[in-house]
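What follows is a short report on a single structure.
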Amino acid sequence: MSTPATPPRSLAEALRARDDVSLAALLRARPDLITPVPTDLTQLATRAGTRASVVRALERLDRFALQTAEALAVAGDPASYEELLGLMGGDAGDHTVAAALPRALGTLREQALVWGEDTRLRLVRTARELLAPSPQHPSPTGLGPTVQEASAGMSPGRIQEIVAAAGLPSTHDSVSAVAALTRLFTDRKRMTKLLGGLPEESLDVLRRLMWGPPYGQVTADPAPRLRRLLDLGLLLPTAPGTVVLPREVALHLRGGLAHRATEPVPPVVEAAASYRPQVVDATAAGQAYTALATVEELLKDWDEGGPAVLRAGGLSVRDLKRTAVALDVPEPVAAFWVELAYAAGLLASDGEADERYAATPAYDEWLEQPPAERWARLAEAWLTATRTPGLVGGRDAKERTLSALGPGLDRSAASEVRHRVLTLLAGLPEGAAPTAESVLARLRWERPQRREDDLRSRLAQWTLSETELLGVTGRGALSAHGRALLGAPAALGRTTPEEPTGPGDKLPVHHHPVPVPHPEPLSAAEQAVAVAAAGRLLAPLLPEPLDHVLLQADLTAVAPGPLRRPLADMLGVLADVESKGGATVYRFTPGSVRRALDAGRSASDLHAFLTAHSRTPVPQPLAYLIDDVARKHGHLRVGAASAYVRCDDDAVLNEILADKRAAGLGLRRLAPTVLAAQADPAALLDGLRSMGFAPAAESAEGDVLIARAHAHRTPPRTAPEPVPDGPPVPDATLLAAAIRAIRAGDLASTTPRKQTPAAGPTGELPRTSSAETLATMQAAVLTGEALWIGYVNAEGAASQRVIAPVRVEGGFVTAYDHTADEVRTYPLHRITGVAELADD
């Protein structure tokens, strides 16, 4: 960066001395400054000093950079670098602080929070107001006001009494007296001598106030130990019954330190355990496949229409509990899977009058994709989503319960925290699992929370759990496909390390991993490439679907691994899932066999299906079960009379009529083979099945109705858009265009021009009549001189430009625009005024 000939007198001048690279860094770090694009550097400096923008910039500083800004807020204005270093490192000095301070100060300068040379460092006024100590807003430094500030309301006589008690010569005015007292309190030798003459009880009072809060209470008749401090000005009254320790006194007692604990170095993310990378990848891949199965099971359970949507939106507590039971997971985990499916666009509300949740058409497309691609879609949705399942069950600002799929779950910091946690994990050696405490400590250093609700820490804790559920990590360590998901180079072609000696395939723990800097955010195209790479790395690790099961004599079937979709779908109809895990156990029951027959399968179809897909012979009990249920299935027919039952065997009908359990169905005989019922067909079917019969429904034409599940789908839905954390970070193209426009506007506003009545004060648009504008333009065409114009575009935005007119005709002026560095044509009626440039 070029150094100006004279020191800058304002932030605008300091920005004007920056090069384009430095301006781009500022706009990238504070993207709110570019929305909309400032007209010139003066407006950029003004916007950088607004309260909302400064608060946002301070909240995104790391702990040491924030401590540096806090130290500047209690230093002189302006302050020298040596003064700042003394406040950060103390009188004794600290080599670590001295080494880290240039980086922290560079960050503050880059973000336009500090400007000026090292001899005259200035914190922007808004930041000083926010960070400087005050009774209403105590400083994190624990310091109080200066002697000058604390004595502002004191009488001149009282100030002279303090000066005399401190052994200083009397002065003719309070200003010089306060200045003399300040010089005394900042002189280390003289202050040491002054404090050496105090009793230990008085020094104890000062030590209690030294690190803050600096305020204390006194009575109307203070004790001698307090009276001596008040007489010397070591405690100054601020209100009746309240005293304060002046800042200069506190700094002397602290040895010059502005903070009790200065943290120049970020905490190291420590590894709790380390495993072979192959073990980590295999574990993560297994959990990734479980994630796919869980999402598929969830949406299959809601295939015919899921739970109703609450009036305020979201899933009821009862429905979330039912979903958790169906998935055999705790309720918070069920909320995570529901929100993940929603974020991936696989689940939405159907928008009907009786609104319910159901799978979207995208779910059917997702099912047809290879498993690795399906996982990559879920992982990408999780990584970029701002919806936060961990908040489910909590309460919002109005004390309303936050429900799954409901409003109020978006947190703009969620995506950033997930990225950052994964990046910290990627900074560890391969196979190393971090301690949660060290990850949280690092995040708190990087973004120290100024509010009581430490949302970022909670987001980080949820992220560590969710990465394991989703299969991004295995045994707590980041997997290879997890690294690829971040855009980090995956570890390929690994060599197998020595076999571990401890249990669980653990390797020696690495206690001092290298800290990982903040990476640049990935663009949409880069993110798509990273997701595809993660899917490719995961694909070889996923188990191949099987086309067979093992039938057993106890009416069960064991699937030793994941099954191919047609086999899994058919077996899900023919049998009930009894247990899950590495091997899924299915159980055949009369009800499950009847379900398959209701779906249109015949007994011979079922026998052929089991014979084709079993590695063991079909057990005789299972064959008997299928034949027995099939023999009874459809023997009775139920139709609509209100309802009727017909059967070729009148003895069966007699048995039904004689059964006391049929009393509620209201049956009566219409013919030897027909019974009429007062119940509807569905209730009649359920009643007869509960009595041990196997009736089949039939249509009005007498044909058997096949009971196939109806897949309910919502209309096409898009996945929910993440809620951004402020304006998005501008890309390189936008930055280049914005900087060019700012430079152009600044050139126009600062170009010297002749002082004429039309020109007006510097920085204001000129005002001339149409005739004067036309005449000046025509004269400039002849002389080739450049002009300064005020221009209002079609959107009503005013700007200043420096142009060299080439041609004036038809109500337009064609000119070379110096600010845009190109030839442009301007309508004359949109030029508000024109002025000639100064000769120099």
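Scope of the values below: all heavy atoms of this structure, side chains included, with no hydrogens, waters or symmetry mates.
By the side-chain hydrogen bond (donor to acceptor under 3.5 Å, both in side chains) test, His419 is found to be paired with no residue, residues two or more places apart in sequence or in another chain being considered. By the side-chain hydrogen bond (donor to acceptor under 3.5 Å, both in side chains) test, Asp77 pairs with Arg122, sequence neighbours left out. Partners of Thr463 by side-chain hydrogen bond (donor to acceptor under 3.5 Å, both in side chains), not counting sequence neighbours: none found. Thr388 meets the side chain to side chain contact (heavy atoms under 4.5 Å, CB included) test with Leu391, Arg411, Ala414, Leu459, Trp462; sequence neighbours excluded. Every residue two or more places apart in sequence or in another chain that forms a side chain to side chain contact (heavy atoms under 4.5 Å, CB included) with Ser134 is listed here: Gln136, His137. Listed by chain and residue number, nothing satisfies the side-chain hydrogen bond (donor to acceptor under 3.5 Å, both in side chains) test with Arg260 (two or more places apart in sequence, or in another chain). For Arg120, there are no salt bridge (Lys or Arg N to Asp or Glu O under 4.0 Å) partners, not counting sequence neighbours. Here Arg387 pairs with Glu339, Asp410 under the salt bridge (Lys or Arg N to Asp or Glu O under 4.0 Å) rule; sequence neighbours left out. Residues passing the side chain to side chain contact (heavy atoms under 4.5 Å, CB included) test with Thr50, sequence neighbours excluded: Ser53. Residues satisfying the salt bridge (Lys or Arg N to Asp or Glu O under 4.0 Å) criterion with Arg56, sequence neighbours excluded, are Asp725. For Arg103, the side chain to side chain contact (heavy atoms under 4.5 Å, CB included) partners at least two apart in sequence or on another chain are Asp62, Phe64, Thr107, Trp445.
Contact annotation: the side chain of Arg824 approaches that of Arg801 to within less than 4.5 Å [non-hydrogen atoms, C-beta and beyond]. Between Leu15 and Leu26, the closest side-chain pair of non-hydrogen atoms falls below 4.5 Å. With contacts defined as side-chain heavy-atom distances shorter than 4.5 Å, the pair Leu105/Leu121 qualifies. Contact check for Leu130 versus Leu58: side-chain heavy atoms found under the 4.5 Å cut-off. Side-chain contact between Leu209 and Leu253 is absent, with no heavy-atom pair separated by less than 4.5 Å. Between Leu61 and Thr68 there is no side-chain heavy-atom pair separated by less than 4.5 Å. Here the side chains of Pro102 and Tyr81 are in contact, with some heavy-atom distance below 4.5 Å. Two residues are said to be in side-chain contact when any heavy atoms from C-beta on lie closer than 4.5 Å; Leu787 and Val802 fail this criterion.
Remark: side-chain polar atoms of Thr776 are paired, donor with acceptor, to backbone N or O of Glu772 under 3.5 angstrom. Side chain of Arg254 to main chain of Ala258: a donor-acceptor pair is present (N/O by atom type, distance under 3.5 Å, no hydrogens or angles). Within the 3.5 Å criterion, the main-chain N or O of Ile742 finds no donor-acceptor partner in the side chain of Thr39. Using a distance-only test at 3.5 Å, with no hydrogens or angles considered, a donor-acceptor pair links the side chain of Arg30 to the main chain of Ala48.
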Would Thr773 and Ile789 count as a side-chain contact (heavy atoms from CB on, under 4.5 Å) if you check the C-alpha gap in whole Å, the side-chain angles of each, and the deciding distance to 0.1 Å? CA-CA 9 Å; Thr773 298; Ile789 67 170; over 6 Å; no
Please lay out, stage by stage, how Thr96 and Thr262 fare under the test side-chain contact (heavy atoms from CB on, under 4.5 Å). CA-CA 10 Å; Thr96 306; Thr262 307; over 6 Å; no
Step-by-step side-chain contact (heavy atoms from CB on, under 4.5 Å) determination, Leu402 to Arg395: CA-CA 6 Å; Leu402 296 170; Arg395 295 191 175 273; 5.9 Å; no
Show the numbers, then the answer: is there a side-chain contact (heavy atoms from CB on, under 4.5 Å) between Val421 and Arg418? CA-CA 5 Å; Val421 169; Arg418 292 189 190 114; 6.0 Å; no
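Residue Glu13 places its CD atom among more than 12 non-hydrogen atoms of other residues, nucleotides or ligands, all under 6.0 Å distant. By the neighbour-count criterion of 12 heavy atoms within 6.0 Å, atom CZ of Arg188 is densely surrounded, having more than that number from other residues, nucleotides or ligands.
For the atom pair CG (Leu234) and CG (Leu245), the distance works out to 8.0 Å, reported to the nearest 0.5 Å. Atom CG in Asp40 sits 8.5 Å away from atom CG in Leu44 (nearest 0.5 Å).
With respect to the salt-bridge test (charged N to carboxylate O, under 4.0 angstrom), the residues Arg456 and Glu416 qualify. At a threshold of 4.0 Å, the pair Arg247-Glu149 counts as salt-bridged, since one of the basic side-chain nitrogens sits closer than that to a carboxylate oxygen. Ion pairing of Arg109 with Asp118 is present here, as a side-chain N (NZ or NE/NH1/NH2) and a carboxylate O approach within less than 4.0 Å.
Summarising the geometry of Val97 relative to Gly89, their closest heavy-atom pair is CG1-N, 4.0 Å, with the distance given to 0.1 Å.
No hydrogens or angles considered: nothing links the side chains of Gln67 and Arg63 as a donor-acceptor pair under 3.5 Å. Side chains of Ser412 and Thr386: no donor on one and acceptor on the other come within 3.5 Å.
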If you look only at distance, which donor and acceptor atoms sit under 3.5 Å apart when one is on a side chain in residues 176-187 and the other is two or more places apart or in another chain?
from: Ser176; atom 1: OG; to: Thr171; atom 2: OG1; distance (Å): 3.3
from: Ser176; atom 1: OG; to: Asp173; atom 2: O; distance (Å): 3.1
from: Ser176; atom 1: OG; to: Asp173; atom 2: OD1; distance (Å): 3.1
from: Ser176; atom 1: OG; to: Asp173; atom 2: OD2; distance (Å): 3.2
from: Thr182; atom 1: OG1; to: Val178; atom 2: O; distance (Å): 2.9
from: Thr186; atom 1: OG1; to: Thr182; atom 2: O; distance (Å): 2.9
from: Thr186; atom 1: OG1; to: Arg183; atom 2: O; distance (Å): 3.2
from: Asp187; atom 1: OD1; to: Lys189; atom 2: N; distance (Å): 3.2
from: Asp187; atom 1: OD1; to: Arg190; atom 2: N; distance (Å): 3.4

